[in-house]
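Let me begin by presenting the structure, written as structure tokens, before commenting on it.
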Amino acid sequence: MTLIAVVEDNADNRLLLQAILDGLYDLVEYENGIDALAGLAAHLPDLVLLDISLPGMDGNEILARIRADDKLKRLPVIALTAHAMAEDREKALGAGCDDFDTKPVELVRLLGKIDALLKTAPGSTP
């Protein structure tokens with residue numbers, strides 16, 4: 001089954017993502033950037049859902065490290081954030097995210113974005 005890494009510090013948001021994605025994908029969760037980077041390197045997922053507003057190492061720094069790592073740089077990453085302005089979207093995409101979604105997440109919209117990225121990810125079948 002497809003493995004999705006969820007990098008989210010808020011327990012309620014992780015619970016919501018579990019409810020949406022459970023049964024469709026295998027999930028691995030990380031509450032902070034240090035754990036996420038170690039976990040991503042150890043168990044390469046098929047896609048990352050990345051909260052941008054994290055304490056300590058924020059999502060932008062995590063993304064920069066993912067893109068700088070030869071093993072991780074091709075990982076599809078969807079930024080998840082409560083910041084819903086057009087400039088927030090452009091900033092995330094400009095930093096290297098493959099897509100952008102706002103919180104609270106909507107089931108159909110998020111699943112559509114995940115599906116689209118998984119279909120175009122390196123190593124996927126058309």
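Along the sequence shown, residues carry numbers from 1.
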Should we say atom CD1 of Ile34 is surrounded by more than 12 heavy atoms from elsewhere, each under 6.0 Å from it? no

Tell me whether Leu44 shares a hydrophobic cluster with Ile78, the cluster being built from Ile, Leu, Val, Met, Phe, Trp, Tyr side chains joined at under 4.5 Å. no

Should Leu80 and Phe100 be marked as a side chain to side chain contact (heavy atoms under 4.5 Å, CB included) after you check the CA-CA gap, both sets of side-chain angles, and the distance that decides it? CA-CA 6 Å; Leu80 292 179; Phe100 177 91; over 6 Å; no

Under the criterion side chain to side chain contact (heavy atoms under 4.5 Å, CB included), I'd like the reasoning laid out for Val77 against Ile62: C-alpha separation, chi angles, the key distance, then a yes or no. CA-CA 11 Å; Val77 176; Ile62 296 167; over 6 Å; no

Given Leu49, which partner from the list Asp101, Val105, Leu110 fulfils the side chain to side chain contact (heavy atoms under 4.5 Å, CB included) test? Leu110

A side-chain contact here means heavy atoms from C-beta on lying under 4.5 Å apart; do Leu75 and Pro45 qualify? yes

Please name all residues satisfying salt bridge (Lys or Arg N to Asp or Glu O under 4.0 Å) with Asp99, sequence neighbours left out, ordered by chain then number. Lys113

Basic-acidic side-chain contact under 4.0 Å: Asp98, Arg67: yes

Working to the nearest 0.5 Å, report the span between CG of Asp70 and CG of Leu72. 9.0 Å

Kindly check if the number of other-residue, nucleotide or ligand heavy atoms within 6.0 Å of NZ (Lys103) is above 12? yes

In Å and rounded to the nearest 0.5 Å, what is the CG to OG1 distance from Leu47 to Thr2? 9.0 Å

Ignoring hydrogens, what is the shortest heavy-atom contact between Leu40 and Ala5? Give both atom names and the distance. CD2-CB, 3.6 Å

Pairwise side-chain contact, Ile114 with Leu21, heavy-atom cut-off 4.5 Å (strictly under): yes

